[in-house]
Visitor: 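Sharing a structure here in structure tokens format.
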Amino acid sequence: MWSPGTWLWRAAVCCMLLETFLHTARGLNMCMGGSATSCEECLLIHRSCAWCAQEEFGRGRTLNSRCDFSQNLQKRGCEARFIEYPSSSISVLHNMPLSSKGSGWTQNDVVQIQPQKISVSLRPGDQTWFELQVRQVEDYPVDLYYLMDLSLSMKDDLETIRNLGTKLAQEMGKLTSNFRLGFGSFVDKNMSPFSYTATKYQENPCNGYKLFPNCVPTFGFRHILSLTDKVDRFNQEVQKQMVSRNRDAPEGGFDAILQAAVCKEEIGWRKEAYHLLVFATDDVPHLALDGRLGGLVQPHDGECHLNDKNEYSASTQMDYPSLALLGEKLAENNIFLIFAVTKRLYVIYKNFTALIPGTTVEILDTDSKNVIQLIIAAYNNIRSKVELSVWDHPEDISLSFTATCQDGKPLPGLRKCADLKIGDTVSFNVSVEARSCPPRGTDQSFTIKPVGFKDHLQVSVDYQCDCGCSRTAKTNSSICSSIGTYNCGTCHCEPGYLGARCECQEGESGSSFLSACREAEGKQVCSGRGECSCNQCLCYESEFGKIYGSYCECDDFSCARHKGILCSGHGECHCGECKCHAGFIGDNCNCSTETSTCIADDGQMCSGRGSCVCGHCQCTEPGAFGDTCEKCPTCPDACGTKRECIECRLFNSGRLADNQTCQRLCKDEIITVETLDTDDPAAVLCLYKTENDCVMKFTYSEHASGLSILTALKEPECGGGPDALMVLLAVVGSILLVGVVLLAVWKLAITVHDRREFSRFQNARSRARYEMACNPLYKHPVTTHFVETDFDMYGKSYNGGVH
Ligand SMILES: *[C@@H]1O[C@H](CO)[C@@H](O)[C@H](O)[C@H]1NC(C)=O
Ligand SMILES: *[C@@H]1O[C@H](CO)[C@@H](O)[C@H](O)[C@H]1NC(C)=O
Ligand SMILES: *[C@@H]1O[C@H](CO)[C@@H](O)[C@H](O)[C@H]1NC(C)=O
Ligand SMILES: *[C@@H]1O[C@H](CO)[C@@H](O)[C@H](O)[C@H]1NC(C)=O
Ligand SMILES: *[C@@H]1O[C@H](CO)[C@@H](O)[C@H](O)[C@H]1NC(C)=O
């Protein structure tokens, strides 16, 4: 809003730092950016904006904005007397000290709130505050009006309170030396359906009622005894009272409360006293709109309507009052209302107290026996609280309260103190702020009043919306080429004329003049950083540097920054863009094109494990770190690179031996040990074979300090390598051994097999012999023949052939 789009974008995107910097340094600021054209407009932008009304101001080589922070205007040469910079202020008009005691002095001088009258002068947006103190003064006069329900059900109560006056005066006498008591009564509207209206009930509504045959006609409200300190009169009057009777359960008590509150003269409320109104009833009240049942459509007008008999005359003409009206009238007359109701009604009346401010509810015994304790309790309750109320609060003024009660702790947002003792002083811090300027000429005032107190604080408000210099505005001023009004340093030209001195005529360039001063449609005139004069932008001067361009769109201080330095110090800012010096690139020139810083000791770019970005290595190899990614215990070639260092540093051998580069490349700390501890998980174990077939072991680890540590064995491990012949012999021997073993196994297997075959054979043989002996079919295969004849021979051979 206060600089060209490009600038805002940059500020938002890349440089929060810059923005805060500019805000605090108050260079380009909301006062200037708002392009206020008059002093009044300027003051409305922000409470810290001021206007310079000096004529010669701002017409130098470059243009100065007349709307700026006051100290900037002064710095730029505006004389202090020409600076319009109003601020909110408070002046106390009446400030009488709080009284300590209520009675015994002239009553009118009792002061319970301090101050009593102040005047605040508010500049919109500029908050100011004042403090007020409230004290519940000891021994403050008390007026108590006893308003009693005289419907039939209150018959026994009436008995009880016949001597109430004396006792109450006694008890109250302990709390105040100045006590007055009054009395009034009510039943209900004397009309159907609220009361009995048949002629036989006109004179005696109890006519025919067996339990209680005599009572007085129904009435709305009757004021019987004005407030007096003669308590005997109270007793006398109460004794004269008789109950009446109405038809429906609810009573017309709210009519009575309203009359008791507003008929100040008749009741005799004193200005300088607490006003207690005790409302004793045993039933619910009629509320607004109930009157319609009896045809009463006129809402209550909130006025006093007592006739010469001290009776409420509008009872049958107006509806019952609403709770809101009741609350308003009670507050207006500083009356604390005490509902003394039977237990059954407690909840209902408790709900009413939430709707009517300044009321309390106490439980009354069915026969009113406890009425005195009840009144004392309610009185003490009322006197233990201070709550501020605001009257006629103007809409465009915001008030916020901070209460400081008896414990001295500020309670923000609270306008109330409770649990006070009489005589305690509490204070309230009230902040006031006007949100806008009201229409010219409206004077506002409001009142702050502790609920129920007559004392109040009157606050009159005037607004700092006009500039003093406007009073001396001159029409047709010569300063404005006699065709404009000179006001607070600027010219307001007649229609058709333009320019700071009304020196141009409109339409000269053909197009409307404003578009000539805007970079594009919708953009601010002169980018909000200059004034349009005769189709040309006159750019403001800035303490940061020059603003220029046909639309004041350029400057050389709002370029990208790095670490707060414009263009990182490696470029020139030109119209919002960094022009980087050679060797630097990037939006804010913070990227060096130099790569020498990325070359590792071994000559490789970033040790071959990363790339060089803006002169810094970005290691890509996992695990690699260090300025040139030279450190990497977990890289696959870690052991390889470190081996060379071990070789050259410890044994003066290897690739780097006899080469100064060893000292340069191997800066690692090398520790030699007898035995290597390989348990360290952070260390990588490396081993390699030396020229003479020994094994060299070392571990490699990176320390948090950035140091690499190589822990190496003092000497390579040479295990006296095995003889080749021995190996051969061992090999041959083992082959032979295997052969022999195989042969032996074969031999054993064969032998076992043979043995097994032989014993099987033996077995079979012995079994065959047995068979020969036992088989009855067996015939010895061998027969002996004696061949003597041919026949014989034939027979024998035949036999044999059969067999
Ligand atoms: C009193 O108000 C409370 C809550 O506001 C409600 O729940 C309750 O019914 C009301 N009691 C009567 C008797 O109106
Ligand atoms: C009153 O409140 C204002 C802010 O709301 C604060 O600046 C001021 O110091 C407070 N005054 C006292 C006396 O506490
Ligand atoms: C100012 O000038 C205009 C015409 O230029 C004229 O009509 C007007 O009366 C003048 N006003 C005063 C106060 O001289
Ligand atoms: C350069 O500046 C940009 C933006 O502020 C930032 O992100 C980047 O890290 C910087 N580069 C270097 C090398 O400082
Ligand atoms: C020293 O080592 C470097 C790098 O390994 C090599 O380029 C150079 O030739 C060596 N010089 C000698 C004398 O060995």
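Note that the structure is a prediction, hence the values are computed from the model and not measured. Order of appearance sets the numbers: ligands from 1, and atoms from 1 within every ligand.
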Visitor: Relative to each other, are the rings of Phe352 and Phe339 parallel, tilted or perpendicular (30° and 60° limits)?
Guide: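 The rings of Phe352 and Phe339 sit tilted, inter-plane angle from 30° to 60°.
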Visitor: Look at the SG atom of Cys578 and the SG atom of Cys559, then say if they are under 2.5 Å from each other.
Guide: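 Answer is no: Cys559 does not pair with Cys578 in a disulfide.
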Visitor: Taking distance alone, with no angle check, do Glu131 and ligand 2 share an N/O pair under 3.5 Å?
Guide: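 No; the residue has no nitrogen or oxygen that sits under 3.5 Å from a nitrogen or oxygen of the ligand.
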Visitor: Show me which atoms of ligand 4 lie under 4.0 Å from any heavy atom of Asn588.
Guide: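 The list of qualifying atoms is 1 (C), 2 (O), 3 (C), 4 (C), 5 (O).
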Visitor: Is there a side-chain contact between Thr360 and Tyr349, using heavy atoms and a 4.5 Å cut-off?
Guide: no
Visitor: Could you please provide the protein residues found below 4.0 Å of ligand 1 on a heavy-atom basis, arranged by chain and number?
Guide: Val347, Ile348, Asn351
Visitor: Quick one: salt bridge (charged side-chain N to carboxylate O under 4.0 Å, His left out) partners of Asp255, sequence neighbours excluded?
Guide: Lys189
Visitor: Would you please name every residue forming a salt bridge (charged side-chain N to carboxylate O under 4.0 Å, His left out) with Glu572, sequence neighbours left out?
Guide: none
Visitor: Would you say Asn429 has any N or O atom under 3.5 Å from an N or O of ligand 2, going by distance alone?
Guide: yes
Visitor: For residues 380-388, please give each side-chain donor-acceptor pair under 3.5 Å, one per line with the distance, not counting sequence neighbours.
Guide:
| unit_1 | atom_1 | unit_2 | atom_2 | d |
| --- | --- | --- | --- | --- |
| Asn380 | ND2 | Ile376 | O | 3.4 |
| Arg383 | NE | Gln136 | OE1 | 3.1 |
| Arg383 | NH1 | Val137 | O | 3.4 |
| Arg383 | NH1 | Tyr379 | OH | 3.1 |
| Arg383 | NH2 | Gln136 | OE1 | 3.2 |
| Arg383 | NH2 | Val137 | O | 2.6 |
| Ser384 | OG | Asn381 | O | 2.8 |

Visitor: Please report whether ligand 4 has a polar contact with His562, defined as an N or O pair separated by less than 3.5 Å (distance criterion only).
Guide: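 Min N/O separation from ligand 4 is below 3.5 Å for His562.
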Visitor: Any chance you could lay out the disulfide bond (SG atoms under 2.5 Å apart) test for Cys612 and Cys598, step after step, and finish with the verdict?
Guide: CA-CA 6 Å; Cys612 187; Cys598 291; 2.0 Å; yes
Visitor: Under 4.0 Å from a heavy atom of Ser431: give me the atoms of ligand 2 that qualify, with their elements.
Guide: 5 (O)
Visitor: Hey, does Val430 have a side-chain heavy atom less than 4.5 Å from the side chain of Glu131?
Guide: no
